[in-house]
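Since the structure comes first, as C-alpha cells, the remarks are kept for the end.
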Amino acid sequence: MSKLTSKWNYPTTVRFGAGRIKELPDVLAAAGIKRPLFVTDPGLAKLPVVASTLKILDDAKVPYGVFSEVKPNPVESNLTAGIAVFKKGKHDGVIAFGGGSALDLGKLIAFQAGQNRPVWDFEDIGDWWTRANSDAIAPIIAVPTTAGTGSEVGRAGVITNEATHTKKVIFHPKLLPAIVIADPELSVGMPPFITAGTGMDALAHCLEAYCAPGYHPMADGIAVEGIRLVFENLPKAFANGKDLVARAHMMSAAAMGAAAFQKGLGAIHSLSHPIGALYDTHHGMTNAVFMPYVLAFNREAIEDRIGRLAAYCGIKGGFDGFAKAIVKLRKELKVPHALPDLIKGLDMDKKRKGLIADMAVVDPTAGGNPVKLTKKAALTLLENAIAGSV
C-alpha cells in the first residue's frame, strides 16, 4: 500500500448552464469584488458577447475597467501592462473572460499585482509558490468562452518569457478562481478552427492526465469521461457551432481536463510549449499535431491502460483502434497532420531542432510522461511530427 499515497486538490464553485452569465453581478458580490478589472483578448473585445456582458455590469451599476492587450500566447509585457491598469483603476478583483490566453493572463494579473518579486520567481518548480504573498492575491472570477484549456478551474497560468522565448507555468493555489460561470451560450460564436483547436486541447489534457504515472483514481475517472465526451461531442460542435448541447458537453470536458491534469501532463505538452513560444502557434492545435506521435512513443507503458479506455469509449481494437480513432478525429476536424502543415514555410535546421528538444525535456510537463523524455526521444518525436510519420 505504500505506493497508494498522494495529495489531491480539486476545483472550485462552478455555475454551469446556458444563460448563467446574467448572474455575474451576484457572483462578484459573492466573491467580495466591488471594482473588477474585466480582462479579455482584443478579438473578443470587439464582439457582441463582450458588449452584452459589460451591459450586465452597467445595468447592475458595477464600476469596472477593461483590459484587452492579450496575445494568443501571453507574454510578460502583456502582464506588466495589465497590472498597470489594475493598479491605476484601484481594482479589487479580476473577471477573466475568454479563451485560455485571457483566462491565464487575467489570473496572473490578479496574482502578480500585489507581489514584490518577478513573476518568474513563482514558476511551477518545487515549492516556489510559497514565495508569494498569499494575502496580496486578488480574487478571480473566470468566464470561459471556449472549451479547451480548462484554465477556469486551474491553479496555474502560462506565460511566455520574451527574453528566453520559453513558456513558463506559474503556480499558486489562489490562482484557482473563486467562482466560475460556465455558460455554453458564450461559446456559440467560436469559428470551426478554434472549436477544433480548443477541443483537442481538452482531449490532450484528459489523455495525458490519464496516462501519467502515479495513483490518482479520481483524476483517471474524470479524464476517461472527459475523453468520451470529446469523441462524442467535438465533431458535432465543429460541424454545427450552434449545437448548444455539444457546446455544453465540450465546456464540461475542458474543465474536466484541467481538473484531471494536476495528476500530470506529458510529452504532447512539453513539445507543444516550445513550438508555441518560438512560432506563436495555437496551443491546442499544436497539441493535436503532436498527439499521435507521442501516443505511439508511449505505447509500451500505456497499452493496457489505453485498451481499457478504448473499451469505455466504445472503440474497438484496443490500443491500435484508439490510435486510429485519434487520427480519424484529427482528419474530421481538419487538424494538420504534420508540423509543416501547421507552420507554413517551416525550415528547422539542426540547431533549432536541438533547441526545441532541450526546451522540451526541461518543460515542467515532461516529468509526467509515462516514458522518460530524453533529448534523443524529443528529437525523434520532433522529426516524426515534421515528416508526418507515426
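Values in this document were obtained by computation on a predicted structure and should not be read as measured data.
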Open item on the list: Taking CG in Asn116 as the centre, count heavy atoms belonging to other residues, nucleotides or ligands within less than 6.0 Å. Is the count above 12?
Closed with: no
TODO: Rounded to the nearest 0.5 Å, what's the gap from NE2 on His216 to NZ on Lys263? Could you check?
DONE: 8.5 Å
Open item on the list: Salt bridge or not between Glu332 and Lys328? Use side-chain N to carboxylate O under 4.0 Å.
Closed with: no
TODO: Examine Phe322 together with Phe231 and report whether their ring centres are nearer than 6.0 Å.
DONE: yes
TODO: Give, for atom CD1 of Ile181 and atom CD1 of Ile21, the distance between the pair rounded to the nearest 0.5 Å.
DONE: 4.5 Å
TODO: Determine whether the side chains of Asp104 and Ser151 contain a donor N or O and an acceptor N or O closer than 3.5 Å.
DONE: yes
- [ ] Check the hydrophobic clustering (I, L, V, M, F, W, Y; side-chain heavy atoms under 4.5 Å; chains of links allowed) and say if Val119 and Ile125 are grouped together.
- [x] no
Open item on the list: Would you say that Val66 contacts Val85 through its side chain, given a criterion of any heavy-atom pair below 4.5 Å between the two side chains?
Closed with: no
Open item on the list: As an exercise, state the distance from CD1 of Ile170 to NZ of Lys107, rounded to the nearest 0.5 Å.
Closed with: 11.5 Å
Open item on the list: Please determine whether ring-ring contact (aromatic ring centres under 6.0 Å, His included) holds for the pair His172 and Phe111, giving the CA-CA distance in whole Å, both sets of side-chain angles, and the decisive distance to 0.1 Å.
Closed with: CA-CA 8 Å; His172 194 282; Phe111 169 78; 5.7 Å; yes
Open item on the list: I need the Cys211 SG to Ile268 CD1 distance, nearest 0.5 Å.
Closed with: 8.0 Å
Task: Nearest heavy-atom neighbours spanning Leu381 and Tyr293 - done: CD2-O, 3.4 Å
TODO: Would you confirm whether Thr198, through its side chain, and Gly148, through its main-chain N or O, come within 3.5 Å as a donor-acceptor pair?
DONE: no
TODO: Decide if the gap between the ring center of His269 and the ring center of Phe290 is smaller than 6.0 angstrom.
DONE: no
Open item on the list: Taking atom CG as the centre, does Asp347 end up with more than 12 heavy-atom neighbours from other residues, nucleotides or ligands that are less than 6.0 angstrom away?
Closed with: no
TODO: Taking the side chain as every heavy atom from C-beta outward, state whether Met359 and Ser270 have any atom pair closer than 4.5 Å.
DONE: no
- [ ] With the side chain counted from C-beta on, respond yes when Trp129 and Phe122 share a heavy-atom pair under 4.5 Å apart, and no when they do not.
- [x] no
Open item on the list: Regarding His283 and Asn287, do their side chains bring together a donor and an acceptor under 3.5 Å, going by distance alone?
Closed with: yes
Open item on the list: Taking the side chain as everything from C-beta on, heavy atoms only, tell me whether Leu108 gets closer than 4.5 Å to Leu175.
Closed with: yes
Task: 4.5 Å side-chain heavy-atom contact, Val289 and Ile275 - done: no
Task: SB check Asp220 Arg305 (cutoff 4.0 Å) - done: yes
Open item on the list: Please check this pair: side chain of Lys174 against backbone of Ser134, looking for a donor-acceptor N/O pair closer than 3.5 Å.
Closed with: yes
Open item on the list: If I take atom CG from residue Asp26 and atom CZ from residue Arg15, how far apart are they, to the nearest 0.5 angstrom?
Closed with: 6.0 Å
- [ ] Compute whether any side-chain donor of one residue and acceptor of the other, for Asp201 and His205, lie under 3.5 angstrom apart.
- [x] yes
Open item on the list: Whether the Asn298 and Asn369 side chains hold a donor-acceptor pair (N or O, under 3.5 Å, no angle test) is what I'd like checked.
Closed with: yes
Open item on the list: Can you classify the ring geometry of Phe38 versus Phe97 as parallel (below 30°), tilted (30 to 60°) or perpendicular (above 60°)?
Closed with: tilted
Open item on the list: Is it the case that the side chains of Thr145 and Ser187 hold a donor-acceptor pair, with the cut-off being a distance below 3.5 Å and no angle test?
Closed with: no
Open item on the list: Whether Arg299 and Asp320 form a salt bridge (side-chain N of Lys/Arg under 4.0 Å from carboxylate O of Asp/Glu) is what I want to check.
Closed with: yes
- [ ] Inspect the surroundings of NZ in Lys353 and state if more than 12 heavy atoms from other residues, nucleotides or ligands are less than 6.0 Å away.
- [x] yes
Task: For Ala31 against Ile179, the heavy-atom pair lying closest together - done: N-CD1, 4.3 Å
TODO: Over all heavy atoms of both residues, which pair between Leu105 and Val70 is shortest? Give the atoms and the distance, please.
DONE: CD2-CG2, 3.5 Å
TODO: Answer yes when Asp243 and Arg247 have at least one side-chain N-carboxylate O distance shorter than 4.0 Å, and no when they do not.
DONE: no
- [ ] Please examine the side chains of Asp59 and Ile56, heavy atoms only from C-beta on, and report whether any two atoms are closer than 4.5 Å.
- [x] no
Open item on the list: For Arg330 and His337, which I'm curious about, is there any donor-acceptor pair between the side chains at under 3.5 Å?
Closed with: yes
- [ ] Please tell me if the side chains of His282 and Asn73 come closer than 4.5 Å, counting only heavy atoms from C-beta onward.
- [x] no
- [ ] Determine whether Thr166 and Thr160 make a side-chain contact, defined as any pair of heavy atoms from C-beta on separated by less than 4.5 Å.
- [x] no
- [ ] Please name the residue in the list Val39, Leu103, Ile33 that meets the side chain to side chain contact (heavy atoms under 4.5 Å, CB included) test with Val94.
- [x] Val39
Open item on the list: With rounding to the nearest 0.5 angstrom, report the CE to SG distance, Met256 to Cys206.
Closed with: 6.5 Å
Task: Ring-ring centroid check Phe86 Phe67, cutoff 6.0 Å - done: no
